[in-house]
There are 2 protein chains.
Amino acid sequence: MRDIAEKLNVSITTVSRALNNKMDVGEKTRKAVLELAKDLDYSPNAIASSLRKSKSNVIGIILPRLEHYFFSTVLKGVVSYAQKDNFIVTVSESSHNPKKESDLIGELIGMNVSGIILSPCRNEINLSYLNALKQNKIPLVLVDRIPTNYHGHYVRLNDYHGAQLAVKHLIQQGYKRIAHIRGHEYSSIAEARYQGYCQALKLNDIDYDLSLVKTCEFVSSEEGYYFTKELMLSPNPPDAIFTVSDEVALGVYNALKEMKLHIPNDVGVVGFSNSEVSNYLCPKLTTIDQPGIRIGEMAYEFLRNAFENNETAQQKIFEAKLLIRESSVRAKR
Amino acid sequence: MRDIAEKLNVSITTVSRALNNKMDVGEKTRKAVLELAKDLDYSPNAIASSLRKSKSNVIGIILPRLEHYFFSTVLKGVVSYAQKDNFIVTVSESSHNPKKESDLIGELIGMNVSGIILSPCRNEINLSYLNALKQNKIPLVLVDRIPTNYHGHYVRLNDYHGAQLAVKHLIQQGYKRIAHIRGHEYSSIAEARYQGYCQALKLNDIDYDLSLVKTCEFVSSEEGYYFTKELMLSPNPPDAIFTVSDEVALGVYNALKEMKLHIPNDVGVVGFSNSEVSNYLCPKLTTIDQPGIRIGEMAYEFLRNAFENNETAQQKIFEAKLLIRESSVRAKR
DNA sequence: TAAAGTTTCGTAAACGTTTACGGCAAAGTA
DNA sequence: TACTTTGCCGTAAACGTTTACGAAACTTTA
């Protein structure tokens with residue numbers, strides 16, 4: 001900018017105004033500045049600008065695990081929309097670690113980010129950084145996992161209803177003893193899916209059986225495998241399994257195949273997430289669609305609104321959609 | 001910082017020195033500063049710091065498609081290593097668009113990033129931004145797709161050798177007419193895999209047959225489906241198909257199943273990438289492992305070295321590993 | 001023609017750090 | 001004692017922008 005100013009015998013102020021299309025600058029000088037800027041291929045120093053305005057065109061997103069398909073689609077949604085507005089997005093991984101999560105938020109605050117998108121790793125919201133964010137006027141929108149007492153911006157899936165759909169579908173297919181392999185209690189989504197499972201049973205007058213519910217620690221395929229063995233070897237085994245995620249269902253598949261049990265005739269299986277894999281399994285896995293890209297896009301939109309003007313909490317709950325495939329439709333008999 | 005300085009009756013300079021563990025500060029004052037900083041929960045303004053030092057603790061990564069499993073694992077590798085050094089990583093998506101790619105690099109330069117990791121979308125390197133990067137002393141490490149005439153830092157897989165392994169394996173299994181569904185010519189990796197395919201044929205005295213090679217435009221599962229139909233309906237159809245990616249192999253599977261052709265007995269299939277899906281297909285897909293996380297980690301290491309001291313080009317080529325599963329091992333007959 | 005309004009521009013301060021330079025003690029050396 | 005060294009600290013400038021304020025020049029209006 002100084003170069004341009006000197007060569008044109010104007011002040012740096014004028015150059016700045018010309019480049020930013022402010023009103024206080026003559027047509028001829030603006031033209032000259034813009035032209036010279038091209039020639040010198042000047043590129044604005046975003047750092048300086050953001051220091052002065054104490055506002056950057058950067059937003060941060062914090063996700064529990066980057067390589068998970070669902071989260072990578074959320075990321076894609078956010079990035080693709082942000083790019084349209086020339087916003088840059090920083091990404092970090094909390095690895096399900098609350099301490100790391102709040103450290104990362106601190107870093108982002110130090111970077112003057114304009115906003116933060118967060119998929120919290122716990123079912124409770126850390127008030128200390130909530131305050132820090134409010135103090136710095138940095139909007140926050142939560143994604144996917146929403147603590148029960150949180151009243152700010154968020155976008156998530158209707159996990160409760162999704163689980164209900166899944167279980168209702170299994171019941172309609174004639175399955176009588178439906179097991180559920182769930183996630184940890186401190187995950188809001190695992191809890192919601194579990195509640196949906198319970199509700200569907202209740203609505204169909206099926207007694208809740210504690211021995212049919214298993215709780216994962218890591219929500220891994222290995223746990224799916226392990227719990228399936230446990231369930232099927234029990235005195236009164238289930239004839240269907242509804243899992244908290246497709247990844248767990250993978251383990252269920254392995255266990256059932258190993259035990260020579262047929263899916264869906266011996267045991268019906270329904271997953272959750274519509275991961276890439278699910279449509280290519282044998283048999284194809286019935287699951288709940290989780291539109292990650294749309295969720296990411298919407299989260300970004302909310303952020304955009306939030307730091308443009310809006311004060312009121314924006315909340316979007318995507319309705320769950322059941323994708324009936326092969327793992328849950330019994331051959332007629 | 002000013003608050004701290006005033007409350008302690010020292011200068012801002014001293015505070016800065018204390019916080020950064022510089023040597024020019026007394027033990028007692030350092031203690032006092034650090035303690036007060038905690039109390040006020042001061043968090044450093046990274047923007048100001050990076051403006052002054054004209055160096056940020058931010059690195060940028062630009063990938064063609066974020067939701068692709070391989071790229072998301074690369075991203076994970078980069079982010080997890082970067083986080084250990086308190087580096088923040090911004091991520092952008094070029095969508096295979098060279099113009100967008102160079103625009104994004106311009107933005108990153110404006111952000112004073114310390115370095116850039118890039119997976120280029122074309123097989124040629126855009127010299128204009130290479131110069132801009134050199135001018136700003138921003139190191140660049142390329143990942144996965146490396147233009148042939150590029151001599152800087154990079155880390156990639158030995159695609160050439162990987163393809164050779166795949167085709168050699170098919171030949172050893174007794175397949176005689178091996179087709180290849182490849183990617184576009186301007187993709188360095190597609191080209192390398194194609195060359196590996198040719199080389200394996202040559203080494204085994206199998207004539208190259210132009211009609212057995214099909215070129216994808218988008219490297220999609222749909223194209224895999226389409227080309228498989230075309231191949232199998234031709235007068236002299238292949239008995240094996242080697243695809244440029246697992247995604248294409250998905251289409252191959254669909255087409256073959258539709259045509260009631262058995263994998264691997266009628267037609268052998270080998271993919272490339274070891275995507276998440278591949279191990280859960282029926283039959284399980286033989287493929288080439290592509291260790292995304294390790295690649296990402298190494299790319300970050302290279303970057304780290306580059307802006308610490310090193311000048312010489314760091315280059316790493318991971319050796320390809322063939323994962324023999326079910327889609328390519330014929331029942332003995 | 002004088003007063004008032006408008007357009008265009010410059011001065012200087014600010015954003016929150018870091019750092020070269022120098023000062024002033026206390027401590028060591030001859 | 002006179003000198004140098006060392007340890008601790010402050011002053012001020014700098015990083016590249018943006019912006020409140022005001023000043024000139026020019027245009028309009030009465």
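Just so you know, these numbers use all the heavy atoms, side chains as well, and skip hydrogens, waters and symmetry mates. First the proteins, then the strands, lettered A, B, ... as listed; each starts at 1.
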Just the rounded figure in Å: distance from [atom2] of [N] to [atom1] of [X].
X	N	atom1	atom2	result
A:Leu8	C:dT8	CG	P	16 Å
A:Ile47	D:dA14	CD1	C1'	16 Å
B:Glu6	D:dC9	CD	P	18 Å
A:Glu27	C:dT8	CD	P	8 Å

Does one side chain, of [X] or [Y], offer a donor that lies under 3.5 Å from an acceptor on the other?
X	Y	value
A:Tyr129	A:Glu101	yes
A:Asn305	A:Gln314	yes
B:Ser16	B:Thr13	no
A:Asp85	A:Tyr300	yes

Is the phosphate of D:dC9, meaning OP1 or OP2, less than 4.0 Å from a side-chain N or O of B:Thr14? no
Say whether, by atom type as modelled, one donor and one acceptor occur between the side chain of B:Ser102 and the main chain of B:Lys99 under 3.5 angstrom. yes
Determine yes or no for a side-chain-to-main-chain donor-acceptor pair under 3.5 angstrom, with B:Ser56 supplying the side chain and B:Ser50 the backbone. no
Axis-to-axis angle for the helix from C:dT1-D:dA30 to C:dA30-D:dT1, ends of five pairs each, to 10°, equals 50°
Are the charged groups of B:Arg30 and B:Glu27 less than 4.0 angstrom apart, N to O? yes
Electrostatic pair B:Lys76-A:Glu93, nearest N-O below 4.0 angstrom: yes
Are the aromatic ring centres of B:Phe70 and B:His68 under 6.0 angstrom apart? no
Students often get this wrong, so: under 4.0 angstrom with heavy atoms, is [X] touching a base, only sugar-phosphate, or nothing?
X	value
A:Ser50	nothing
B:Asn112	nothing
B:Asp3	nothing

Where protein sits on nucleotides 15-26 of chain C, one letter per nucleotide: B base, S sugar-phosphate only, - none, heavy atoms under 4.0 Å: BBBBB-------
